[in-house]
**Student:** 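A single structure is presented below for examination.
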Amino acid sequence: MSIFGAAAAANTNPNKSTEVQQPPSDSVSSLCFSPKANFLIATSWDNQVRCWEVMGSGTNVGTAPKASISHDQPVLCAAWKDDGTTLFSGGCDKQVKMWPLGGQAVTVGMHDAPVKDLAWIPEMSLLVTGSWDKTLRYWDLRQPNPAHVQQLPERCYALTVKHPLMVAGTADRNLVVFNLQNPQTEFKRITSPLKYQTRCLAAFPDQQGFLVGSIEGRVGVHHLDDSQQSKNFTFKCHREGNEIYSVNSLNFHPVHGTFATAGSDGAFNFWDKDSKQRLKAMSRCSQPIPCSAFNHDGSIYAYAVCYDWSKGAENHNPSTAKTYIYLHFPQESEVKGKPRIGTSGRK
């Protein structure tokens, strides 16, 4: 039976995760946690940005909706300021909004096409936004106009920042690398090691490279240093038999440096790139997982379960395709790296 079939109506969660209360009424496009506290943000196709507070610990965890703001069209991305008090969001209305939590949202930037991804760069006190208008724009929030507009070779599909490293993934499999110490010049342009469209990116915690995920159920591990190229590899994931599913989300664990993948097969897995091992494969949910995020200390992994539009509007059934957001509490064995086999316990 298709995973998009009748099971979607019941949506029994096989991973014993905690359900977030009052989820969006349409598919979730992004998730992000505050860097300071357990406030979870979801952007969605119902034009809303919502915030929940996650309270309690262990098995006694609950969620409470705190606030929300609206865009004029579906919202595609959000990012927190490093102080945890302010949020930025962007989407199909081409607007970039700033929302001081508990205050009024204001428009701080505009693009000429939908805003697909954005990131706050605390080391520069700048916001960077990537759009389908084929530009990155840097915003100094004290000024109405962009501090700099960086042309991209194609539409921006994904963006990842770990200062001084920034990587933008665009259409036509371009991966444009920037050294933010010289942000107005491309550092390097790479053709993706994957054969098909880029879906997601994640910079290594040590800024020495990045992960790239694509629609073909594969992840590429890429080091920037030419002397490290022998460490580059790709691996298959989110596949079952002849069925191939998109890798929709890549998240590094903030403590252990391992990472999670989530895909259109409704599964999420934890991996260790250094030992090239899968640490834990979780059970599949009844709908795709379009996005996910760790909280600031890695004790919570949030993931959305909903239709991801990969099969178009004709396969969207609003009566069965409900939207869920779940919280998983990783065990250390699921997310802590393991020594590579054959290294006598040395990492």
**Student:** I want to check something: taking the side chain as every heavy atom from C-beta on, are Y138 and V149 in contact at a cut-off of under 4.5 Å?
**Tutor:**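 No, too far: nothing below the 4.5 Å cut-off.
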**Student:** Kindly give the heavy-atom pair with the smallest separation between C200 and A158, and that separation in Å.
**Tutor:**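 Distance-wise, the nearest heavy atoms are CA-CB, 4.0 Å.
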**Student:** For the pair H253 (side chain) and G298 (backbone), establish whether a donor and an acceptor sit closer than 3.5 Å, ignoring hydrogens and angles.
**Tutor:**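 Confirmed, H253 side chain pairs with G298 backbone.
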**Student:** Just by modelled atom types, is the Q331 backbone N or O under 3.5 Å from a matching donor or acceptor in the K280 side chain?
**Tutor:**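 The answer is no, because no donor-acceptor pair under 3.5 Å joins these two groups.
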**Student:** Any sub-3.5 Å donor-acceptor pair from W132's side-chain atoms to C156's backbone N or O?
**Tutor:**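 Side chain of W132 to backbone of C156, a donor-acceptor pair under 3.5 Å: yes, one is there.
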**Student:** Which atoms form the tightest heavy-atom contact between A119 and V161, and what is the distance?
**Tutor:**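 Smallest interatomic distance, heavy atoms only, reads CB-CG2, 3.8 Å.
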**Student:** Hey, could you give me the CG/CD distance between D46 and Q73, rounded to the nearest 0.5 Å?
**Tutor:**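 Going from CG on D46 over to CD on Q73, the span is 13.5 Å.
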**Student:** Which heavy atom of W99 sits nearest to which heavy atom of A67, and what is that distance?
**Tutor:**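 For W99 versus A67, the nearest heavy atoms are CZ2-CB, 3.6 Å.
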**Student:** Under 4.5 Å between side-chain heavy atoms, hopping through other hydrophobics if needed: is there a path connecting M166 to F204?
**Tutor:**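 Result: no, two separate clusters.
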**Student:** Which pair of heavy atoms, one from G263 and one from N248, lies closest together, and at what distance?
**Tutor:**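 Looking at all heavy atoms of both residues, the shortest contact is C-ND2, 3.7 Å.
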**Student:** Name each donor-acceptor pair under 3.5 Å that joins a side chain in residues 34-42 to protein atoms two or more places apart or in another chain, with its distance.
**Tutor:**
from: S34; atom 1: OG; to: K36; atom 2: N; distance (Å): 3.1
from: S34; atom 1: OG; to: A37; atom 2: N; distance (Å): 3.3
from: N38; atom 1: OD1; to: N295; atom 2: ND2; distance (Å): 3.0

**Student:** Using the ring of each side chain (for Trp, its six-membered ring), is W120 parallel, tilted or perpendicular to F88, with breaks at 30° and 60°?
**Tutor:**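 Ring orientation, 0 to 90° scale: parallel.
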**Student:** Determine whether a donor-acceptor pair (N or O, by modelled atom type, separation under 3.5 Å) exists between the side chain of R50 and the backbone of I69.
**Tutor:**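 Between the backbone of I69 and the side chain of R50 there is no qualifying donor-acceptor contact (under 3.5 Å).
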**Student:** F268 vs Y301 aromatic rings, parallel, tilted or perpendicular, using cut-offs 30° and 60°?
**Tutor:**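 If you compare the ring of F268 with that of Y301, the planes turn out tilted.
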**Student:** Going only through I, L, V, M, F, W and Y residues with side-chain contacts under 4.5 Å, is there a path from L127 to L152?
**Tutor:**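 No, separate clusters.
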**Student:** So, does N251 use its side chain to make a donor-acceptor pair with the main chain of F294 at under 3.5 Å?
**Tutor:**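 Not a single qualifying donor-acceptor pair exists.
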**Student:** For W139 versus P144, what's the shortest heavy-atom pair and its separation?
**Tutor:**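 For W139 and P144, the tightest heavy-atom pair comes out as CZ3-O, 3.7 Å.
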**Student:** Are W45 and V28 close enough that some pair of their side-chain heavy atoms sits under 4.5 Å apart?
**Tutor:**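 Side chain of W45 against side chain of V28, heavy atoms only: no contact under 4.5 Å found.
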**Student:** Given 3.5 Å as the limit, does a donor-acceptor pair link the side chain of S214 with the main chain of L194, or not?
**Tutor:**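 Such a contact is absent between S214 side chain and L194 backbone.
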**Student:** For K188 and L224, indicate whether the former's side chain and the latter's backbone hold a donor-acceptor pair under 3.5 Å.
**Tutor:**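 At least one qualifying donor-acceptor pair exists.
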**Student:** Regarding R137 and D112, does a basic nitrogen lie under 4.0 Å from an acidic carboxylate oxygen?
**Tutor:**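 Yes, R137 and D112 are salt-bridged.
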**Student:** Locate the shortest heavy-atom distance separating C237 from W271; write the atom from each residue and the value.
**Tutor:**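 Shortest heavy-atom separation between C237 and W271 comes out as CB-CZ2, 3.6 Å.
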**Student:** Answer whether the closest heavy-atom distance between the side chains of H328 and F270 falls below 4.5 Å.
**Tutor:**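 Side chain of H328 against side chain of F270, heavy atoms only: contact under 4.5 Å found.
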**Student:** Ignoring hydrogens and angles, tell me if any N or O in the side chain of T63 forms a donor-acceptor pair with the backbone of V54 under 3.5 Å.
**Tutor:**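 No.
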**Student:** Donor-acceptor pair, distance only, cut-off 3.5 Å: does the side chain of R284 make one with the backbone of D265?
**Tutor:**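 Yes; judged by distance alone, with no hydrogens or angles, the pair exists.
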**Student:** Before giving the answer on side chain to side chain contact (heavy atoms under 4.5 Å, CB included), spell out for H222 and Q229 the whole-Å C-alpha distance, their side-chain angles and the decisive distance to 0.1 Å.
**Tutor:** CA-CA 8 Å; H222 189 87; Q229 297 306 296; 3.8 Å; yes
**Student:** Tell me, yes or no, whether the heavy-atom count around E123 atom CD, taken from other residues, nucleotides or ligands under 6.0 Å, exceeds 12.
**Tutor:**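 Enclosed: over 12 neighbouring heavy atoms sit under 6.0 Å from CD of E123.
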**Student:** Quick one: does T323's side chain have a donor or acceptor within less than 3.5 Å of a partner on D26's backbone?
**Tutor:**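 Yes; at least one donor-acceptor contact below 3.5 Å.
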